[in-house]
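Here is the structure we will look at, set down as structure tokens.
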Protein chains: 2
Amino acid sequence: MIEAGQAKKIINEESKLLNRENKYEKVYILDSLNRVLAEDIYSLDNLPPFDKSAMDGYAIRSLDTQNKENIILKVKSLIKAGDSCEEPLKEDEAYKIMTGAMLPRGADAVIQIERVKVESDNLYICEEVKKDNNIIKLGEEILKGDVPLKKGTLIRPPEIGLLASLGYEFINVYKAPTVGIVITGDELIDIKSEIEKGKIRNSNEYSLKALIKNSNAEVFSVGIVKDDRTALKEKILLAFEKSDIVITSGGASVGDYDFVKDILREIEADIKFTCVAIKPGKPTSFAVYNSKLFFALPGNPSALINTFEEFVKPAIRSMSGIFKNESDEFQVVLKNDFKAKEGREKYIFVKIEKEDGVYYAYNSGSQCSNHLRAMCNSNGVIIIPKNIGSVRAGEVINGKFIFR
Amino acid sequence: MIEAGQAKKIINEESKLLNRENKYEKVYILDSLNRVLAEDIYSLDNLPPFDKSAMDGYAIRSLDTQNKENIILKVKSLIKAGDSCEEPLKEDEAYKIMTGAMLPRGADAVIQIERVKVESDNLYICEEVKKDNNIIKLGEEILKGDVPLKKGTLIRPPEIGLLASLGYEFINVYKAPTVGIVITGDELIDIKSEIEKGKIRNSNEYSLKALIKNSNAEVFSVGIVKDDRTALKEKILLAFEKSDIVITSGGASVGDYDFVKDILREIEADIKFTCVAIKPGKPTSFAVYNSKLFFALPGNPSALINTFEEFVKPAIRSMSGIFKNESDEFQVVLKNDFKAKEGREKYIFVKIEKEDGVYYAYNSGSQCSNHLRAMCNSNGVIIIPKNIGSVRAGEVINGKFIFR
């Protein structure tokens with residue numbers, strides 16, 4: 001049994017080693033949202049592409065306002081945003097100009113509409129205006145040839161805006177990994193079925209599909225496989241063929257009908273660990289086969305979700321090109337006692353509430369790994385370290401929000 | 001000009017008032033992910049539907065192990081998960097049983113496989129086993145008739161798992177609001193176009209679509225509308241017809257060609273405010289028309305994104321049935337000086353890094369509202385209150401992560 005932290009390190013090393021360099025695809029700009037850039041983005045233009053006015057006002061020559069008693073300029077005409085003014089501004093002239101409009105040649109400043117007086121076509125200014133006043137300069141944001149977005153950048157709404165302003169309609173992003181799922185258990189029936197004796201509904205396939213969808217990965221499901229070694233091996237190999245990551249749910253304990261580890265040995269997968277000091281989620285295995293990742297997750301519903309979030313999700317993220325260093329954890333003050341045993345890192349699902357800037361954790365019900373109800377009542381988790389048992393109200397330990 | 005906090009309160013009141021009761025739709029279970037339940041979920045079954053074994057071991061009668069010197073039970077046969085055992089357990093008998101399997105009638109405890117010795121069909125036990133040991137009881141998680149998930153619940157992966165185990169294949173969820181977008185500006189050209197004199201590419205439509213997609217709402221775009229009052233009015237009315245929320249981008253300042261407010265007055269919309277003490281984002285208007293929400297957002301790219309996140313996104317969330325009380329803000333220690341003027345609440349986009357449990361904010365470049373580059377370099381924002389100007393390295397102010 002290895003420690004949870006050590007398990008995460010091993011998974012992280014293996015995920016990073018997988019060569020994703022040639023795994024990219026060209027997608028439409030809006031489909032690139034929440035994906036990762038697989039190319040450096042060069043700018044073929046200056047942004048903005050011209051000196052423009054930051055205000056509604058008058059485009060002038062700053063010189064015409066300097067060291068003068070009475071400044072009266074002649075207003076020529078109006079330049080709206082989108083107009084291209086061909087006639088240059090001459091001495092003691094002004095153009096009325098709208099926000100975002102291109103400055104006429106010769107102008108080097110804009111004075112705001114609120115600071116002047118206009119009578120017929122005479123513009124009265126009673127202050128010295130500095131060069132570049134209220135002007136957004138050509139290339140101020142980005143110069144032609146710049147690389148404003150680098151390979152590896154996560155594409156969020158502002159990146160979408162920037163790509164659009166640079167004229168990129170299609171973009172190379174890393175392919176999301178496909179996660180193959182294999183659900184084991186003779187006790188499982190379809191969710192549409194009435195409950196029969198000894199059977200329960202196949203909820204894990206749906207939880208997994210939801211978790212994978214929220215991780216922005218693709219899913220390939222072989223569905224429920226009966227507890228039959230030959231059938232299971234065949235389906236696991238099929239999942240490996242079609243996916244980058246394979247997950248089995250159930251069949252990973254030590255029972256007579258838990259074949260997963262035998263099959264991994266038979267196909268000579270490189271088994272990294274078969275048991276983790278985490279609760280819920282001890283019977284979690286991890287292996288590498290044909291440069292693909294394999295996770296055998298527990299069949300208990302909340303253990304399955306917990307191990308997915310802790311072990312599989314970071315692997316999907318790093319295979320998608322997303323590397324996150326900072327931890328989501330913060331300190332939480334316990335509002336209740338929580339019973340626990342030493343020996344494993346314990347994830348206890350709780351309600352976290354913030355009061356006056358302090359996070360408090362409240363009990364959200366029985367933590368049996370067979371149940372989902374407590375997790376459904378929770379927005380967070382507290383993590384009791386391996387070498388600590390029960391904790392009491394008032395103590396401070398690490399926690400984090402879940403499913404965010 | 002109203003304060004940012006006051007603006008948020010007004011928007012929140014109006015969003016809550018909109019009657020969404022009859023705005024729900026029945027969707028397939030996996031399509032309900034990240035949506036909100038529009039019905040109470042009743043359980044038609046007990047979960048688990050039978051007493052089951054929590055371990056691989058032997059199903060026994062606890063009585064047979066109590067007050068005895070030598071306990072030797074007769075092993076009858078094996079019950080696997082999914083089996084239904086018809087023959088009841090009699091005195092001094094045991095069934096081998098797998099995790100998740102249904103207990104035979106007569107059995108009231110399971111002893112783990114690791115704690116017994118078996119020779120041919122004799123089971124040797126050297127301890128007293130308590131009633132209910134290693135048994136997950138019928139209905140322990142949920143009883144028939146219970147309401148484990150209430151109307152208004154956000155559906156996350158564990159809720160999906162619970163719905164599946166209860167046999168819900170289709171679920172009523174609140175309809176996501178449709179957001180209509182109207183982009184104004186004669187200076188805008190399509191993102192596929194080469195830059196011409198005076199023109200810039202239409203990036204705001206793409207930013208908005210990305211922001212709306214990340215808010216799990218639907219989008220209806222009328223595209224770019226020229227700065228023409230008649231055309232603009234027609235398109236705004238079309239957007240109202242097709243959407244629950246209408247957003248215009250640009251045309252909301254005080255210039256001669258900023259028609260949005262005139263049109264709102266003309267159609268007798270209930271204008272709530274036309275200017276907010278926020279930077280970037282001052283020229284933001286909010287109105288209610290025909291029980292629909294209207295936001296006139298600034299045309300400057302980063303002001304647009306900032307006001308969407310602060311004002312529109314919470315409205316979309318509450319119209320989708322998601323109510324969030326806790327604030328995302330936390331205290332951040334400044335690593336650089338940040339120049340700012342009093343008078344508005346200032347959102348400055350920064351890099352937030354956590355070091356030894358403390359959040360630090362680093363300058364990420366020019367904050368010109370015309371630029372997206374600083375926002376692209378940022379993972380967070382610091383918020384300088386209205387009545388404070390510049391802040392200096394070492395000071396502590398509120399901040400939060402962005403686009404999470």
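What you see is a predicted model; the values in this text were computed from it and never measured. When reading the values below, keep in mind they use all heavy atoms of this one structure, side chains included, and skip hydrogens, waters and symmetry mates.
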> B:Q331, B:M375, B:R156, B:R404: which one forms the most heavy-atom pairs within less than 4.5 Å of chain A?
Replying inline: B:R156
> With respect to chain A, which residue among B:S193, B:P49, B:P157, B:A210 yields the maximal number of heavy-atom pairs within a distance under 4.5 Å?
Replying inline: B:P157
Under 4.5 Å heavy-atom distance to chain A, tell me which part of [X] shows up: side chain, backbone, both or neither.
| X | value |
| --- | --- |
| B:S165 | both |
| B:K199 | both |
| B:P148 | both |
| B:L149 | side chain |
| B:D45 | side chain |
| B:E140 | both |
| B:S378 | backbone |
| B:F401 | side chain |
| B:L33 | side chain |
| B:D190 | neither |
| B:L162 | both |
| B:F308 | neither |
| B:F50 | side chain |
| B:D31 | both |

Grab the two heavy atoms, one from [X] and one from [Y], that are nearest each other, plus how far apart they are.
| X | Y | answer |
| --- | --- | --- |
| A:I160 | A:I29 | CD1-O, 3.2 Å |
| B:P301 | B:S203 | CG-OG, 4.5 Å |
| A:E159 | A:T153 | CG-CG2, 4.0 Å |
| A:D228 | A:F259 | N-CE1, 3.9 Å |

>> Checking A:T99 against A:D56: is there a side-chain donor and acceptor pair closer than 3.5 Å?
In response: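 Yes, a side-chain donor-acceptor pair sits under 3.5 Å.
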Spell out, as yes or no, whether a donor-acceptor pair under 3.5 Å connects the side chain of [X] to the backbone of [Y].
| X | Y | answer |
| --- | --- | --- |
| A:D51 | A:L138 | yes |
| B:N379 | B:I352 | yes |
| A:Q367 | A:G365 | yes |
| A:N134 | A:S53 | no |
| B:S364 | B:F349 | yes |

Name the option with the most non-hydrogen atom pairs under 4.5 Å to chain B; the candidates are [options].
| options | answer |
| --- | --- |
| A:K213, A:E329, A:M102, A:H371 | A:H371 |
| A:S84, A:C85, A:P48 | A:S84 |
| A:L44, A:L166, A:N204 | A:L166 |
| A:I136, A:N34, A:D83, A:N202 | A:N34 |
| A:R201, A:E205, A:K209, A:E187 | A:R201 |
| A:A101, A:A81, A:A374, A:S207 | A:A81 |

Heavy-atom distances under 4.5 Å only: say whether [X] touches chain B with side chain, backbone, both or neither.
| X | result |
| --- | --- |
| A:L211 | both |
| A:N300 | neither |
| A:R373 | both |

> Considering only heavy atoms from C-beta outward, does the side chain of B:I142 approach that of B:N46 to under 4.5 Å?
Replying inline: no
> B:I189 versus B:I200: any side-chain heavy-atom pair under 4.5 Å?
Replying inline: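 Heavy-atom side-chain distance check fails, nothing below 4.5 Å.
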> Would you call B:E86 and A:K197 a salt bridge, using N to O less than 4.0 angstrom?
Replying inline: yes
> Does a sphere of radius 6.0 Å around CD in A:E355 hold more than 12 heavy atoms from other residues, nucleotides or ligands, not counting ones at 6.0 Å or beyond?
Replying inline: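 Enclosed: over 12 neighbouring heavy atoms sit under 6.0 Å from CD of A:E355.
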> How far apart are the C-alpha atoms of A:T307 and A:V312, what are their side-chain angles, what is the distance that settles it, and do they pass the side chain to side chain contact (heavy atoms under 4.5 Å, CB included) test?
Replying inline: CA-CA 7 Å; A:T307 50; A:V312 185; over 6 Å; no
